[in-house]
There are 2 protein chains.
Amino acid sequence: MSAPSDSKDLRRVILDEARHQLVKHGYNSLSMRRIAKEIGYSATAIYLHFDGKDALVHALIDEGMENLFKRLQETCPEKIEPAARLRQACLEYVRFGLENPEYYEIMHLIHPERMERFPAEMYRRARRSLEFIQDILNRGAAAGQFVLDSASVSAAAIWAMLHGVVSLLISRRVDVRIDPDTLIGTLVSHVIASVTLQPVRVQA
Amino acid sequence: MSAPSDSKDLRRVILDEARHQLVKHGYNSLSMRRIAKEIGYSATAIYLHFDGKDALVHALIDEGMENLFKRLQETCPEKIEPAARLRQACLEYVRFGLENPEYYEIMHLIHPERMERFPAEMYRRARRSLEFIQDILNRGAAAGQFVLDSASVSAAAIWAMLHGVVSLLISRRVDVRIDPDTLIGTLVSHVIASVTLQPVRVQA
DNA sequence: AGTATGCGGTTAACACCGTTAAGTTACAAT
DNA sequence: ATTGTAACTTAACGGTGTTAACCGCATACT
């Protein structure tokens, strides 16, 4: 709804409006023409700042990945001991997903065919969160608190567990009679158990 | 390319062509008009048999859910002892996803807003696979082989783990240096461990 | 037998979509 | 003053899902 004149950096305005539409109306109705109409420009103006819709979505994904990584960094400092840090990181990952379902959705809706089109440096940035978890595992292993065959495989497995629960919860596929926090607690406890070889004790 | 005359049950023909296009060209390019052109009918003919694209996709989802459930049923008979049966069910779930990525995709791409439009009886059928796993858990618990606080929560947690790994593998988000089978084996071992309270021993 | 009903299909059209080509405007530099 | 260029526009192409109106034809009924 902003006038065309009020912006010096149209790219930023486009991204903001795209994010706004994404959060408000969902990915399905994220359209170039609607973004353009809303910010008071013609649809083709967007193409002066983005190669196309894919590139725009990629930029949004990049934003989301950045936010997730920052959050993990800020809430899980090195000073926390490995097990607690891993637990914290898992919980923050899940919380991020549940608090930003639209972001989480586009961050994971890239299909195999489109994967190659995803810019390499974005791909690298997107993997920082995974590496963050892997780093926690390595430090825990070095401190003798974790037992793992392979940090990369364990990190991937943990990621799969976290992604699974976020994905199912976001899409409301989990029975409503199941308390989400109980489910999350169960999962995260299993995550910790999987690297500590301790029997699972679920904390609800 | 079939002639309009060769079919007595157009609904079936539409579904087959839709499935064919889905598997061959992916969900993105699944279009009413293309289906119609391919089977030699006008696009609007489809609307005589399906309420719209959503309904058509719902029918495909229903098919996929049915196939998954049948597969679990056939490959995991009751006679297998609970732990082995659970392991088998997990592996079959993952294999189903990896062998039918397009089906798996549409089976899980229903967004929250569209969820309510998803027919109730289809929803019920879709949950049979989850109930199948839950049943394995209950039998294992009754036999004293599994230890669980809640079969429904554990089943959901297991589902989350399996869905997570399938989802990541299908979308090629897992580092190529990680052997998929190792990852799957790790995950499934954790699944078993999570209900047997045994220390995890990964089988690669 | 003749007429009404309704089923199964059609064509035309609407309102969108992403994207491209060509044109316009305004302003900076030579 | 002219050229060039950056930023933006309009018009158009080919696609999408979907609806409205129409059409032929077999069946059912009077």
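All values below come from the heavy atoms of this structure, side chains included, with hydrogens, waters and symmetry mates left out.
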Every protein N/O within reach of nucleotides 15-17 of chain C N/O, cut-off under 3.5 Å:
{"unit_1": "dC17(C)", "atom_1": "OP1", "unit_2": "S31(A)", "atom_2": "OG", "d": "2.9"}

Do K70(B)'s NZ or CZ and the ring of F96(B) fall within the cation-pi criteria of under 6.0 Å and 45°?
-> no
Given atom CG of L10(B) and atom C1' of dG9(C), what is their separation to the nearest angstrom?
-> 10 Å
dT16(D) P sits how many Å from N28(A) CG, rounded?
-> 17 Å
Residues in side-chain contact (heavy atoms from CB on, under 4.5 Å) contact with R127(B), at least two apart in sequence or another chain = D175(A), R177(A), Y123(B), E131(B)
Donor-acceptor pairs under 3.5 angstrom involving side-chain atoms of residues 152-159 of chain A: please list them, not counting sequence neighbours.
{"unit_1": "S152(A)", "atom_1": "OG", "unit_2": "S150(A)", "atom_2": "OG", "d": "3.0"}
{"unit_1": "S154(A)", "atom_1": "OG", "unit_2": "S150(A)", "atom_2": "O", "d": "3.2"}
{"unit_1": "W159(A)", "atom_1": "NE1", "unit_2": "Y93(A)", "atom_2": "OH", "d": "3.1"}

For DNA chain D, determine which residues of residues 44-51 of chain A have any heavy atom closer than 4.0 angstrom to one of its atoms, and list them numerically.
-> T44(A), A45(A), L48(A), H49(A)
Between E78(A) and R139(A), does at least one N-O distance fall below 4.0 Å, as a salt bridge requires?
-> yes
Please set out all donor-acceptor pairs under 3.5 angstrom arising from side-chain atoms of residues 59-66 of chain A, sequence neighbours excluded.
{"unit_1": "D62(A)", "atom_1": "OD1", "unit_2": "R125(A)", "atom_2": "NE", "d": "3.3"}
{"unit_1": "D62(A)", "atom_1": "OD1", "unit_2": "R125(A)", "atom_2": "NH2", "d": "3.3"}
{"unit_1": "D62(A)", "atom_1": "OD2", "unit_2": "R125(A)", "atom_2": "NE", "d": "3.4"}
{"unit_1": "D62(A)", "atom_1": "OD2", "unit_2": "R125(A)", "atom_2": "NH2", "d": "2.3"}
{"unit_1": "E63(A)", "atom_1": "OE1", "unit_2": "Y103(A)", "atom_2": "OH", "d": "2.7"}
{"unit_1": "E63(A)", "atom_1": "OE2", "unit_2": "R12(A)", "atom_2": "NH2", "d": "2.7"}
{"unit_1": "E66(A)", "atom_1": "OE1", "unit_2": "R128(A)", "atom_2": "NH2", "d": "2.6"}

Go through the steps to decide whether R87(A) and S189(A) satisfy the test side-chain hydrogen bond (donor to acceptor under 3.5 Å, both in side chains), and finish with yes or no.
-> CA-CA 8 Å; R87(A) 166 165 234 112; S189(A) 293; 3.3 Å; yes
Would you sort out whether S171(B) and R173(B) count as a side-chain hydrogen bond (donor to acceptor under 3.5 Å, both in side chains), showing the intermediate values?
-> CA-CA 5 Å; S171(B) 53; R173(B) 231 165 261 118; 2.5 Å; yes
Within the 6.0 Å centroid threshold, strictly below: Y41(A) and H49(A) | no
Side-chain heavy-atom pair N100(B), N67(B) within 4.5 angstrom cut-off | no
Round to the nearest Å and state the distance from R11(B) atom CZ to dC7(C) atom P.
-> 17 Å
In whole Å, what is the span from the OH atom of Y27(B) to the P atom of dT16(D)?
-> 14 Å
For T196(A) and Q145(A), work out which heavy atoms get closest and say how close.
-> CG2-O, 4.0 Å
For nucleotides 21-27 of chain D, 5' to 3', base contacts (B), sugar-phosphate-only contacts (S) and non-contacts (-) with protein non-hydrogen atoms under 4.0 Å give -------
